[in-house]
Amino acid sequence: MQWNCPPTWWYKCNTDGASRGNPGLSATAYYIRDDRGDLFYESARRLSDTTNIHVEALAIVDGLEYYVKEQLLPVVIEID
């Protein structure tokens, strides 16, 4: 799959979550790019044992919470 820039004046949030085992040791991450494709912000965190579906959802929530806090709207969310 090819990454595409968001529309002009928009931001794009790409998210991912992974679990070693299911459940198992997990991590979540997201990054934000502007309409030129420039990296604006990135974040990752390690979590205790949980499932892959749970960490995928947490990555989306983490990204959206950052967008709201920083008022970076409108936004496109892209998950793997």
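- In this structure, the side chain to side chain contact (heavy atoms under 4.5 Å, CB included) partners of Asp16, at least two apart in sequence or on a different chain, are Glu56, Asp80.
- To the nearest 0.5 angstrom, Thr15 atom OG1 is 7.0 Å from Ile77 atom CD1.
- Within the structure, ring-ring contact (aromatic ring centres under 6.0 Å, His included) contacts touching residues 3-33 (residues at least two apart or in different chains) are Tyr11-Phe40.
- Alongside Val61, the hydrophobic cluster contains no other residue (criterion: ILVMFWY side chains under 4.5 Å).
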Show every donor-acceptor pair shorter than 3.5 Å between a side-chain atom in residues 64-76 and any protein atom, with sequence neighbours excluded, or say none if there are none.
from  : atom 1 : to    : atom 2 : distance (Å)
Tyr67 : OH     : Lys12 : O      : 3.2
Tyr67 : OH     : Cys13 : N      : 3.2

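- In this structure, the side chain of Asn52 does not engage the main chain of Ala18 through any donor-acceptor pair within 3.5 Å.
- A salt bridge (Lys or Arg N to Asp or Glu O under 4.0 Å) check over residues 18-45, counting only residues at least two apart or in different chains, returns the pairs Asp34-Arg36, Arg36-Asp38, Arg45-Asp62.
- Not counting sequence neighbours, Arg46 has no partner by the salt bridge (charged side-chain N to carboxylate O under 4.0 Å, His left out) test.
- The minimum heavy-atom distance between Ala44 and Ala29, with the atom names listed, is CB-CB, 3.9 Å.
- Grouping Ile, Leu, Val, Met, Phe, Trp and Tyr residues whose side-chain heavy atoms lie under 4.5 Å apart, directly or via other members, places Leu58 in a hydrophobic cluster with Leu47, Val55.
- With sequence neighbours excluded, no residue satisfies side chain to side chain donor-acceptor pair (under 3.5 Å) with Thr28.
- Residues meeting the side chain to side chain contact (heavy atoms under 4.5 Å, CB included) test with Thr51, sequence neighbours left out: Asn22, Pro23, Ile53, His54.
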